[in-house]
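No hydrogens, no waters, no symmetry mates; every other heavy atom, side chains included, goes into these values.
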Amino acid sequence: MTVHITTPWALDRLVPDIDEFMGSVWRRRPQVLATCAEGVAGLLTEDDIWRQLDCGLLSRPYVAAFGGTPAGAAMPTRTRLVEGHEVDDLVDVRGARRAFESGATLKFNRIDHWHLPIREMVDELAEFLDAGVVAHAFLSPPGDEPVITAHLDGVHVLILQTAGVKDWVAGRLKPDLPSGSVFCGDGDLDQVGRLTARLRPGAVLYLPHGSPHYALARSEISLHVAIEVQDPAPWDYVQAYSSHVRSAIDRAPASHGAAGFLERFTSALDSVSHQDILPEAVRTVRARTLVAAHHLG
């Protein structure tokens with residue numbers, strides 16, 4: 001029997017005080033939200049990961065390797081005969097194991113496509129936060145060097161530590177940092193406002209959009225789920241506003257030129273509120289995540 005939960009699973013169980021989180025943490029600063037959140041430890045296990053790989057139907061876009069020996073080597077793939085058809089680019093599980101044993105972190109893109117509880121969490125968060133939401137998983141071997149060096153993600157990220165231990169370093173938001181996903185220097189992780197945390201199974205960490213960060217697995221295998229929350233981009237709002245006032249713009253006589261168009265456009269905007277255009281902007285960003293998912297497959 002399916003149980004429908006009205007309060008979002010992720011925030012209700014992952015965040016002790018939702019009002020405080022949304023009012024003083026969200027979009028503002030990195031923070032450990034919980035050390036033993038309900039349902040996080042064991043939500044995804046190493047056995048789950050290898051079982052999915054052993055199934056033999058994950059294609060290369062769904063699995064990537066970072067680091068290891070040789071560094072940057074491509075994820076090995078193979079061709080299988082499925083229902084009489086040759087299917088290319090399926091991940092070779094033996095090659096994936098070799099990469100992992102040589103020190104590579106394995107990233108599993110869009111695990112919300114095949115892990116139902118995480119898919120339900122993603123859907124609830126997307127509805128609650130008015131955003132596009134996806135989930136990835138990272139399986140890391142022990143090591144004292146970050147496989148992925150300090151970087152920025154162009155999204156908000158909720159880190160769910162499901163197994164093992166991982167050390168995190170996250171910097172404060174600074175206005176001069178880029179808004180996209182880029183690597184950054186150590187200088188962007190200065191001591192002021194820096195957060196360092198050791199996450200154990202059940203822990204939840206929030207990284208706001210624009211917070212530079214990196215992580216280390218240290219002395220044992222680590223597995224975490226990264227839930228990425230993508231807000232509508234500025235251009236999504238521009239398009240939504242334009243869509244709402246299009247009828248008024250279309251009635252502008254061509255003879256009035258740019259000045260007449262601008263007058264009608266700004267006048268029409270006066271009657272449109274943020275709440276009027278938010279649903280359309282959200283639909284746009286969610287459609288963008290669906291396009292990215294299609295490209296994965």
| task | Check whether V204 and I111 end up in the same hydrophobic cluster, where Ile, Leu, Val, Met, Phe, Trp and Tyr are linked by side-chain heavy atoms less than 4.5 Å apart. | result | yes
| request: Please name the pair of heavy atoms, one in R218 and one in R198, separated by the smallest distance, quoted to 0.1 Å. | output: CG-NH2, 4.3 Å
| field | Heavy atoms of other groups near R94 CZ, more than 12 under 6.0 Å | value | no
| If two hydrophobic side chains count as joined below 4.5 Å and joins carry through other members, does V93 share a cluster with I221? | yes
| said: Using side-chain heavy atoms (C-beta onward) and a distance below 4.5 Å, is V225 in contact with F108? | reply: no
| task | Search all heavy atoms of P141 against all heavy atoms of A104 and return the closest pair with its distance. | result | CD-O, 3.2 Å
| request: For L53 and V91, work out which heavy atoms get closest and say how close. | output: CD2-CG1, 3.9 Å
| field | Approximate separation, where rounding is to 0.5 Å, of S211 OG and R172 CZ | value | 11.0 Å
| message | Please report the interatomic distance CG(L90) to OH(Y62), rounded to the nearest 0.5 Å. | response | 12.0 Å
| Hydrophobic cluster identity match, V40 and L44, side-chain contacts under 4.5 Å | yes
| request: Rounded to the nearest 0.5 Å, what's the gap from CG on D236 to CD on Q230? Could you check? | output: 8.0 Å
| request: For D19, check side chain to side chain contact (heavy atoms under 4.5 Å, CB included) against everything at least two apart and list the hits. | output: D17
| message | Give me the atom names and distance for the closest heavy-atom approach of H115 to L43. | response | NE2-O, 3.1 Å
| said: Quick check on R119: does its CZ atom have over 12 non-hydrogen neighbours (other residues, nucleotides or ligands) under 6.0 Å away? | reply: no
| request: Find out whether L173 and R28 are in side-chain contact, i.e. whether some heavy atom of one side chain is under 4.5 Å from a heavy atom of the other. | output: no
| Hey, are T284 and Q239 close enough side-chain-wise for a donor-acceptor pair under 3.5 Å? | no
| message | For residues F128 and V25: do they belong to one hydrophobic cluster (side chain heavy atoms under 4.5 Å, members Ile, Leu, Val, Met, Phe, Trp, Tyr)? | response | yes
| query | Think R97 forms a cation-pi with W50, using NZ or CZ under 6.0 Å from the six-ring centre and within 45 degrees of its axis? | reply | yes
| request: Please round to the nearest 0.5 Å and tell me the distance separating atom CG of L58 and atom CD1 of I49. | output: 8.5 Å
| query | Would you say E220 has more than 12 foreign heavy atoms packed within less than 6.0 Å of its CD? | reply | yes
| Roughly how far apart are L207 CG and I227 CD1, rounded to 0.5 Å? | 12.0 Å
| CZ on F100 to CD on E46, rounded to 0.5 Å | 5.5 Å
| remark: Heavy-atom nearest pair, Y206 first then R27, reads OH-N, 2.8 Å
| Common cluster, L223/I118, ILVMFWY with side-chain heavy-atom separation under 4.5 Å | yes
| task | Take V63 and K107 through the side chain to side chain contact (heavy atoms under 4.5 Å, CB included) test and state the conclusion after the steps. | result | CA-CA 6 Å; V63 188; K107 179 187 178 185; over 6 Å; no
| said: Evaluate W168 against L216 for side chain to side chain contact (heavy atoms under 4.5 Å, CB included), listing each step before the verdict. | reply: CA-CA 7 Å; W168 287 83; L216 300 168; over 6 Å; no
| V15 vs F21 side-chain heavy atoms within contact, under 4.5 Å | yes
| query | Any sub-3.5 Å donor-acceptor pair from Q161's side-chain atoms to A163's backbone N or O? | reply | yes
| field | 4.5 Å side-chain heavy-atom contact, W235 and V238 | value | yes
| request: State, yes or no, whether a side-chain contact exists between M121 and L160 at a heavy-atom distance under 4.5 Å. | output: yes
| message | When you compare the side chain of R283 with that of E280, does any pair of heavy atoms fall below 4.5 Å? | response | yes
| query | Is T162 close to T45 at the side-chain level, that is, under 4.5 Å between some pair of heavy atoms? | reply | no
| said: Does either side chain, that of H213 or that of D153, offer a donor lying less than 3.5 Å from an acceptor on the other one? | reply: yes
| Taking only residues two or more places apart in sequence, or in another chain, which ones meet A197 in a side chain to side chain contact (heavy atoms under 4.5 Å, CB included)? | V32, L195, L199
| said: Between T79 and V87, is there a side-chain heavy-atom distance shorter than 4.5 Å? | reply: no
| request: Kindly determine whether V229 and L129 satisfy side chain to side chain contact (heavy atoms under 4.5 Å, CB included), including the steps that lead there. | output: CA-CA 8 Å; V229 181; L129 296 172; 3.9 Å; yes
| said: Taking the basic N atoms (NZ, or NE/NH1/NH2) and the acidic carboxylate oxygens, is any pair closer than 4.0 Å for D48 and R51? | reply: yes
| task | Could you check whether the rings of H224 and F138 sit parallel, tilted or perpendicular, using 30° and 60° as the cut-offs? | result | parallel
| Can you name the closest pair of heavy atoms from H156 and D231 and give their distance? | NE2-OD2, 2.8 Å
